[in-house]
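Index from 1, following the sequence.
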Amino acid sequence: MSAGWIFCVFVCICFPSGSFETLVVSKGNEQWVSDTSMTRILKIEVQRIKVDCKVTSRFAHTVMTTKALNKANVSQEVSFEVELPKTSFITNFSMSVLFHLIEFKSQVSEMIAACCDIFFVVFFFWIFREIDGKTYTGVVKEKEQAKQQYQKAVSSGQTAGLVKASGRKMEKFSVTVNVAADSSVIFILTHEELLQRHFGKYELMIRVKPKQLIQHFEIVADIYEPQGIAFVDAYGTFITNELLPLVEKTVTDKKAHVSFSPTLDQQRKCTECDGTLIDGDFFIKYDVNRAHDIGDIQIVNGYFVHFFAPANLPRVPKMVVFVIDNSYSMVGNKMAQTKEALVTILGELPEEDYFAIIVFSTTFVVWRPHLSKATPENVKAAQEYVKTIEVIAGTELHDAVMHGVKMLYEEQRNDTAPKNIVLMIILLTDGEPNTYPRTLPEIQENIRHTIDGNITLFSLAFGNDANYGFLDTLSKQNNGLVRRIYEDSDAPLQLKGFYEEVSSPLLSDVQFHYPDNTVNSLTRSHFKQLFNGSEIMVAGRLNDLNEIDNFAIEVFAQGFENNFELKGQANTQKWETIFPDEEYIFRDFTERLWAYLTIQELLDKKDKGTPEEKGNATDEALRLSLKYNFVTPLTSMVVTKPEDETKNDMFIADKLTEEERGKVQKYGYTAVAASYPKYSAAIYYVDGDPHFIIELPDQNDALCFNIDDKPGTIFNLVRDPLTGIVVNGQTIGDKKVIPGNKMHTYFGRFGIIHEKFGIRLMVSTNEILVSEKGKQAKFFWTDTAKVKGPNMDLQVIKDRSLTVTLRNSVKFLIILHKVWQKHPYHQDYLGFYTLDSHLFSSNVHGLLGQFYHGLEFEVSEPFPGKDPNKPDAIMFVKEHELVVTRGWQKDFRQDVKNGEKVPCWFIHNNGTGLLDGVHTDYIVSGLFKTI
């Protein structure tokens, strides 16, 4: 297998509500050519991309076919990488390697994936990988069992990889195949999803970024809706006036066909260039015809699905209390964006609504003692108040929410508003609630007991520091839901988008009644609200298929100023009659949809209710997950070779919960077993002001010291003459000194040198420059990138971390600490962590390197020091007796914002007595000086 830098050629297939999946075809043999880019030797040529979508009664079935050819004269690795929407599932995946050399008979090696998933992004695979005439199969197992098998593989030295990643709306799965010279690989991914209705439409989003011209490129979508199609829109962000006529759309009563198939020349940016216009998102949006009736019921093979969203219902007024966190962690952009969004939301309140505003930190403040009607005068006054909100102190969530509940009950008792008015609380917070004097479960129980099912509570978890699990349970216990708001420039749009989804209730307390003794295994049939532009779905099983002609349905709810009641008969028309010319491709879709909804609800129940109810829900969700071969938060998919093989490979595909997904966003990875053999090793790092920390797990202790010098000083951290690895760091200072305080310094630049391979890597708070034998490239912290070179791999997590892996050698982690740009004193800085110190030679030295192979020391019994909270002791180290102080520093590998406390013995005076020599001995004249 040849070595080289990986680049990506990818096609994204995206589904409703912005969800999408991505194909990445990666290859080696890349060379550095400038400080901004890499040469792309297109010896991996993507020859064909076809996206074929079929939608039947909101159920989307998509097949993506990609064919890539290795035109090189050596074998190369090609990676297939899929970013799965959280609400979708994979039903089939296959990979075929075709050998085209004349002297060989054509062979096909296949990976066949089958079956599917649920709820968040529940997916399942059977994978058959035929290499050298042998087949390897992936199976779904209970998560703990899969984890044990994975850890066994790791500990025994097998090659093991964890398939897990996430973003806002996707999770990642990837596989890699070695493709021989002059051979092709064909990836076929089948993807299914139940389309959710938002703002009065369903949406397919197909993201296409092939990065090169494709000889055969095609997008095809066929939509079949028995209720009749109201409209279909198709457009793309990359569609020019020249490409517009190629978007073909045909719509009849119940069918729609959309296609887009540009030729090779039509894809070109210009006549003589190889750049492609195909770079962006292709959207298909539609809705179905609706009447003021019980909705649409589909019955297939003993399972039914009921879609309910009656037309022309008047909006029900609401009473809403906005409970807004103004604790200090909201400082800067988060509070500015919250205020911007809230001002807009208030301006869009209908005049018949009532509203209140509570802001909370250590205590809570109420804008007005009672709810106000949304008159222009009241709205304007509220907007002016919102603009004055400032951040202070802690996070006393409990009392603020309880007071909001009290305000709503008082208004209800006073008959301030119409009888059927909807009561809701919208809670926004970015942190962990104060737990004194109550625990988190006590906070949840107090609120649940007080609300008692009468009020809907929606939660907005702003950023990755919010306790998503706590808010998720709190919302579910009170008939609401939680939504994560990502810290980004579009945060105000995210906030307003969520509010618009829940701002217009049409019905409340919606209940579905089906004939007694005719159905079983019914999914949720009682809903607190139906919102404008959305849709309710109920699924179940029929006891007797012979009784479907008598399948009567009743719907009860509260509407605007009166009760709402509908009765009707299910449409039992056969699919062959509805679409006589089409073969129905989802003959078991109702059963799979029933399983989808059932497991989703069981996963919700396992987070609330009594311990017995939680246990029963977990057991049943696991049983169904295994039965239907779904990867859920309770199961994992394992791909491994038999244990008697000389070389064993293993991969695990896990389903992330939203709470785990937030940790990936926050930390860059989840806390899982590493993909390399485990060993007991110390961790050495420098972070903060600058704090040097030496963690010694064998002694269950840590040492720490500071280095104080003027900004701009360059220190040698690591120098190993045998491996040729050198690491230097340059300090920076505060923007200005706080009056009466000393100048704080931090590391702002690092230089990493590997003399044997001619590698130089410069990392600053702004950019990352890499040079190898005169070839250069540049990356920015605003990027997320993963590049692979012959002698060094880099992985950049946007605005968070850089992992540097020197081939067959050590690994470093560099943490970026972002500081509010308008902070009057501080600025961005870096932290440096050595992860594989045992791989250095015995000659390694430097401020950190001298400790890489251990340190012997003893500490006396502690005695009172200058600080009553920090005892002193005598340390015996390197023939010195030092007075040291017990304190703590922070390890930011897991939590970039807050860090994790590390108890340590602090050595005073710039580490004097612990260091070999004095700290000035480690000053060098340049970032890439090796002596």
Distance from [X] atom [atom1] to [Y] atom [atom2], nearest 0.5 Å?
X      : Y      : atom1 : atom2 : value
Ile815 : Leu830 : CD1   : CG    : 9.5 Å
Ser184 : Leu69  : OG    : CG    : 4.5 Å
Leu839 : Lys811 : CG    : NZ    : 10.5 Å
Arg800 : Lys818 : CZ    : NZ    : 11.0 Å
Thr803 : Ile797 : OG1   : CD1   : 7.0 Å

Indicate the ring-plane relationship of [X] and [Y], choosing parallel, tilted or perpendicular according to the 30° and 60° boundaries.
X      : Y      : result
Phe692 : Phe705 : parallel
Phe750 : Phe832 : tilted
Tyr746 : His826 : perpendicular

For [X] versus [Y], what's the shortest heavy-atom pair and its separation?
X      : Y      : answer
Phe780 : Asn766 : CD2-O, 3.7 Å
Phe892 : Lys897 : CE2-O, 4.1 Å
Cys704 : Ile693 : CB-CG1, 4.2 Å
Arg484 : Gly463 : NH1-O, 3.3 Å
Pro711 : Gly733 : CB-N, 3.6 Å
Trp781 : Thr765 : CD1-O, 3.4 Å

Contacts of Thr723 that satisfy side-chain hydrogen bond (donor to acceptor under 3.5 Å, both in side chains) - sequence neighbours left out: Asp720
Backbone N/O of [Y] and side chain of [X]: donor-acceptor pair under 3.5 Å:
X      : Y      : value
Asn728 : Leu927 : yes
Lys756 : Leu722 : yes
His853 : Phe840 : yes
Ser764 : Glu767 : yes
Asp828 : Val819 : yes
Gln730 : Gly712 : yes
Asp895 : Asn898 : yes

Passes ring-ring contact (aromatic ring centres under 6.0 Å, His included), Tyr684 versus Tyr852? Steps please. CA-CA 8 Å; Tyr684 307 90; Tyr852 283 173; 5.0 Å; yes
Would Asp916 and His845 count as a side chain to side chain donor-acceptor pair (under 3.5 Å) if you check the C-alpha gap in whole Å, the side-chain angles of each, and the deciding distance to 0.1 Å? CA-CA 9 Å; Asp916 293 339; His845 210 265; 2.8 Å; yes
Begin with the C-alpha distance, continue with both residues' side-chain angles, and end with the deciding distance and a verdict on side chain to side chain donor-acceptor pair (under 3.5 Å) for Tyr922 and Gln850. CA-CA 11 Å; Tyr922 300 87; Gln850 63 188 285; 3.0 Å; yes
Which of Asp689, Ile814, Thr731, Ile707 passes side-chain contact (heavy atoms from CB on, under 4.5 Å) with Phe747? Answer is Thr731
Asp182 side chain reached by Lys71 side chain, heavy atoms, under 4.5 Å: no
